[in-house]
Amino acid sequence: MSVSVLLVDDQPLVRAGLRMILESAPDLSVVGEASDAREASREARSLVPDVVLMDLMGGPAGTRAVRSVLEWARPLGHRVRVLVLGPQDFEPLLHGALHAGASGFLFKDTPPEELVSAVRVVASGGAVLPPLVLHRLLDEVAPLLPSGEPAGRAPRDPLSVREREVLRLLARGWSNAEIAAHLFVGSTTVKSHVGSILTKLGLRDRVQAVIHAYETGLVRPGEGHANNR
């Protein structure tokens with residue numbers, strides 16, 4: 001089943017690049033483009049895409065842009081979802097976008113295959129956040145969460161020592177390349193470890209792996225991130 005996508009960015013060359021990436025996938029189709037929030041809202045009403053892939057404009061404008069695309073659809077029962085693209089210094093923008101109803105956030109330098117995968121996940125009703133973003137959000141909400149069950153006999157850990165180290169670094173927001181350099185192995189080896197971790201723990205993706213690392217105490221709030229190790 002094809003996923004229809006509306007592109008929103010004020011730069012035509014960026015839209016052209018995104019279109020090329022998405023339409024390389026046989027199950028994705030770009031049905032329209034817009035250059036600003038007002039045009040995006042109008043096109044969304046007309047085309048009713050499955051996903052609106054939107055550049056997150058700075059400040060309150062980004063929040064208004066997400067809200068303007070979604071506010072008409074909800075009362076009518078349309079399942080239009082918004083996936084936003086933002087910069088590395090995302091914190092001033094992220095909360096507003098998520099509060100306005102965005103289903104995911106990606107960095108602008110996300111690899112093409114991850115972008116395609118994220119569009120599919122959002123279209124299916126899921127949510128997408130890079131590990132670094134999720135890590136920082138968990139840092140913020142962890143003090144508000146209730147404490148866990150009283151300490152008891154810990155369940156058997158199915159991971160190897162190396163897999164636990166990979167999971168710990170992954171949960172701190174490190175990329176596969178950064179983990180590989182730190183452990184003096186190839187990126188393919190790290191990718192294999194990540195796949196093994198997901199399989200052994202019965203997890204769907206890297207986001208669930210990060211949550212698992214927090215829930216089990218492998219990573220704790222404030223441990224640091226990839227850029228300040």
Side-chain angles (χ1 to χ4, degrees), residues 1-57 62-87 90 93-94 96-134 137 176 191 194-195 198 203-211:
M1 185 174 180
S2 180
V3 175
S4 59
V5 183
L6 171 65
L7 301 177
V8 184
D9 194 290
D10 60 356
Q11 300 181 47
L13 285 178
V14 173
R15 297 199 303 271
L18 292 173
R19 176 183 284 272
M20 184 178 301
I21 291 170
L22 297 179
E23 292 192 335
S24 68
D27 58 331
L28 304 184
S29 63
V30 176
V31 295
E33 299 182 12
S35 60
D36 56 35
R38 180 174 298 179
E39 187 178 359
S41 182
R42 184 174 65 247
E43 290 297 299
R45 289 171 182 265
S46 173
L47 300 170
V48 194
D50 299 308
V51 177
V52 177
L53 182 60
M54 175 184 294
D55 174 52
L56 190 56
M57 292 165 274
T63 300
R64 289 196 299 269
V66 174
R67 185 174 290 115
S68 68
V69 167
L70 294 175
E71 62 184 3
W72 66 271
R74 288 172 178 148
L76 300 178
H78 294 314
R79 291 175 56 83
V80 179
R81 300 183 181 277
V82 175
L83 175 61
V84 295
L85 298 173
F90 59 87
L93 310 173
L94 178 61
L98 295 179
H99 184 70
S103 296
F105 175 93
L106 292 176
F107 295 127
K108 290 184 177 181
D109 60 355
T110 295
E113 63 274 12
E114 292 184 19
L115 175 61
V116 169
S117 176
V119 170
R120 290 173 177 147
V121 170
V122 169
S124 68
V128 175
L129 292 174
L132 175 59
V133 176
L134 181 61
L137 288 177
N176 282 2
K191 186 175 181 180
V194 172
L198 298 180
L203 304 175
R204 184 183 64 247
D205 52 33
R206 294 165 70 102
V207 172
Q208 286 193 342
V210 174
I211 295 174

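Counting from 1, the numbers follow the sequence of the chain as shown.
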With L28 via side-chain contact (heavy atoms from CB on, under 4.5 Å) - residues at least two apart
V3, L22, A25, V116, V119, R120
Test side-chain contact (heavy atoms from CB on, under 4.5 Å) applied to P111 - qualifying residues, sequence neighbours left out
E113, E114
Would you say the side-chain atoms of R15 pair up with the backbone N or O of D9, donor to acceptor, closer than 3.5 Å?
yes
Are E39 and V8 close enough that some pair of their side-chain heavy atoms sits under 4.5 Å apart?
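In short, these two side chains do not touch, never coming nearer than 4.5 Å.
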Say you draw a straight line from [atom1] of [X] to [atom2] of [Y]; how long is it, rounded to the nearest 0.5 Å?
| X | Y | atom1 | atom2 | result |
| --- | --- | --- | --- | --- |
| L18 | E23 | CG | CD | 11.0 Å |
| D109 | L115 | CG | CG | 11.5 Å |
| R19 | S29 | CZ | OG | 9.5 Å |

Taking all atoms of both residues into account, what is the closest heavy-atom pair of [X] and [Y], and its distance?
| X | Y | value |
| --- | --- | --- |
| P130 | F105 | CD-O, 3.0 Å |
| L6 | E33 | CD1-N, 3.6 Å |
| A97 | V66 | O-CG1, 4.0 Å |
| N176 | V194 | OD1-CG2, 4.2 Å |
| A100 | L70 | O-CD1, 3.8 Å |

Which of these passes side chain to side chain contact (heavy atoms under 4.5 Å, CB included) with L83: V121, L106, V5?
L106
Count the heavy atoms of every other residue, nucleotide or ligand shown that sit under 6.0 Å from NZ of K191, and state whether that count exceeds 12.
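For K191, atom NZ is not crowded (no more than 12 foreign heavy atoms under 6.0 Å).
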Show me the donor-acceptor pairs, under 3.5 Å and distance only, between side chains in residues 41-53 and residues at least two apart or in other chains.
from, atom 1, to, atom 2, distance (Å)
S41, OG, S68, O, 3.1
D50, OD2, S4, N, 2.8
D50, OD2, S4, OG, 3.1

